[in-house]
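Side-chain atoms are counted along with the backbone in the values below, which use heavy atoms only and exclude waters and symmetry mates. Note that this is a predicted model, so its numbers are computed, not measured. Heads up: numbering here begins at 1 and tracks the sequence.
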Amino acid sequence: QVQLVESGGGLVQPGGSLRVSCAASGFTLDYSAIGWFRQAPGKEREGVSSIITSDGGTFYADSVKGRFTISRDNFKNTVYLQMNSLKPEDTAVYYCAAMTPYTSGYYRWDSTASYDYWGQGTQVTVSS
């Protein structure tokens with residue numbers, strides 16, 4: 001059974017940092033694409049970042065480029081999102097999602113329709 005479990009959310013001050021994790025089970029991370037999405041109250045879910053776990057290829061939304069870094073540890077079957085220089089507008093529930101298997105080719109990394117499995121989300125609040 002495929003499961004994705006996010007953790008690491010919390011309250012942080014503007015300018016601070018936070019790392020959220022996505023622990024995967026029920027499938028191997030080696031041939032997957034993992035995405036991070038976020039959803040703020042009253043807004044649509046938006047793509048934040050994605051990683052191709054076989055070759056480490058990454059994608060970022062313009063709003064987080066230079067501040068967020070996605071990475072993976074295939075041995076631990078976990079994907080991370082390191083978030084630095086956080087802003088109040090980063091406040092949202094953060095979800096990870098998996099497309100598996102993924103072998104090659106173009107995919108709409110920022111489309112929810114590209115992913116087969118979703119986690120339950122973790123709240124990130126940026127506030128003083």
Side-chain angles (χ1 to χ4, degrees):
Q1 182 180 358
V2 173
Q3 273 196 318
L4 299 170
V5 179
E6 302 94 335
S7 62
L11 173 64
V12 62
Q13 291 187 341
S17 298
L18 207 59
R19 187 179 78 164
V20 290
S21 302
C22 173
S25 61
F27 69 101
T28 177
L29 210 55
D30 293 349
Y31 301 102
S32 304
I34 304 296
W36 280 100
F37 289 74
R38 66 186 181 188
Q39 188 166 20
K43 294 190 176 181
E44 290 191 356
R45 194 169 296 190
E46 64 171 352
V48 175
S49 182
S50 184
I51 188 166
I52 299 171
T53 55
S54 57
D55 65 10
T58 57
F59 307 89
Y60 295 95
D62 288 344
S63 59
V64 306
K65 275 181 185 174
R67 300 189 299 123
F68 290 12
T69 303
I70 192 170
S71 63
R72 90 288 194 200
D73 184 331
N74 287 12
F75 180 75
K76 293 183 177 179
N77 240 36
T78 300
V79 172
Y80 306 97
L81 184 68
Q82 176 68 42
M83 303 182 290
N84 299 329
S85 301
L86 282 161
K87 306 174 181 180
E89 51 263 43
D90 295 317
T91 296
V93 177
Y94 282 71
Y95 300 89
C96 67
M99 180 199 315
T100 185
Y102 166 84
T103 53
S104 64
Y106 171 80
Y107 71 107
R108 281 282 311 277
W109 73 266
D110 57 349
S111 170
T112 58
S114 296
Y115 299 87
D116 308 300
Y117 304 98
W118 291 82
Q120 82 291 347
T122 185
Q123 176 71 47
V124 172
T125 302
V126 185
S127 175
S128 54

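- The distance from atom CZ of Phe27 to atom CD of Gln1, rounded to the nearest 0.5 Å, is 12.5 Å.
- When all heavy atoms of Ser50 and Tyr115 are compared, the pair lying nearest together is OG-OH, 3.1 Å.
- At a threshold of 4.5 Å between side-chain heavy atoms, the hydrophobic network of Ile, Leu, Val, Met, Phe, Trp and Tyr places Val79 and Val64 in one connected group.
- Looking at heavy atoms from C-beta onward, Asp110 lies out of side-chain contact with Phe59 at the 4.5 angstrom threshold.
- Salt-bridge formation is detected for the pair Asp62/Lys65: a Lys NZ or Arg NE/NH1/NH2 atom is positioned less than 4.0 Å from an Asp or Glu carboxylate oxygen.
- Asp116 approaches Met99 most closely through the heavy-atom pair OD2-CA, 3.5 Å.
- Environment of CD in Glu89: crowded, with over 12 heavy atoms of neighbouring residues, nucleotides or ligands closer than 6.0 Å.
- Side-chain contact between Asp90 and Met83 is absent, with no heavy atoms from C-beta onward closer than 4.5 Å.
- Rounded to the nearest 0.5 Å, atoms CD1 (Ile34) and OH (Tyr117) are 11.5 Å apart.
- The closest side-chain heavy-atom distance from Leu81 to Ser49 is below 4.5 Å.
- Across all their heavy atoms, Trp109 and Gly47 have their closest contact at CZ3-C, 3.8 Å.
- No more than 12 heavy-atom neighbours from other residues, nucleotides or ligands sit within 6.0 angstrom of OH on Tyr31.
- When every heavy atom of Gly121 is checked against every heavy atom of Glu6, the shortest pair comes out as N-OE1, 2.9 Å.
- A ring-ring contact (aromatic ring centres under 6.0 Å, His included) with Phe37 is found for one member of Trp118, Tyr94, Tyr95 and no other, namely Trp118.
- Here the rule is side-chain hydrogen bond (donor to acceptor under 3.5 Å, both in side chains) with Asp30, and of Asn77, Asn74, Thr100, Thr53 only Asn74 fits it.
- Summarising the geometry, atom OG1 belonging to Thr69 is positioned 6.5 Å from atom CG belonging to Asn84; distances are rounded to the nearest 0.5 Å.
- To the nearest 0.5 Å, atoms OH (Tyr102) and OG (Ser32) are separated by 11.0 Å.
- Nearest heavy-atom pair, Ala92 versus Arg38, reported as atom, atom and distance to 0.1 Å: CB-CB, 3.8 Å.
- By the rule that hydrophobic residues join a cluster once side-chain heavy atoms approach within less than 4.5 Å of another member, Tyr80 and Tyr60 end up as members of separate clusters.
- Nearest approach of Ser17 to Gln82, heavy atoms of both residues: CB-NE2, 3.9 Å.
- Taken from CG in Leu29 to CG in Asp73, the straight-line distance is 8.5 Å, to the nearest 0.5 Å.
- One hydrophobic cluster, built from ILVMFWY side chains closer than 4.5 Å, cannot hold both Val48 and Val5; they sit in different ones.
- We find the CG-OG1 distance between Leu11 and Thr125 to be 6.0 Å, quoted to the nearest 0.5 Å.
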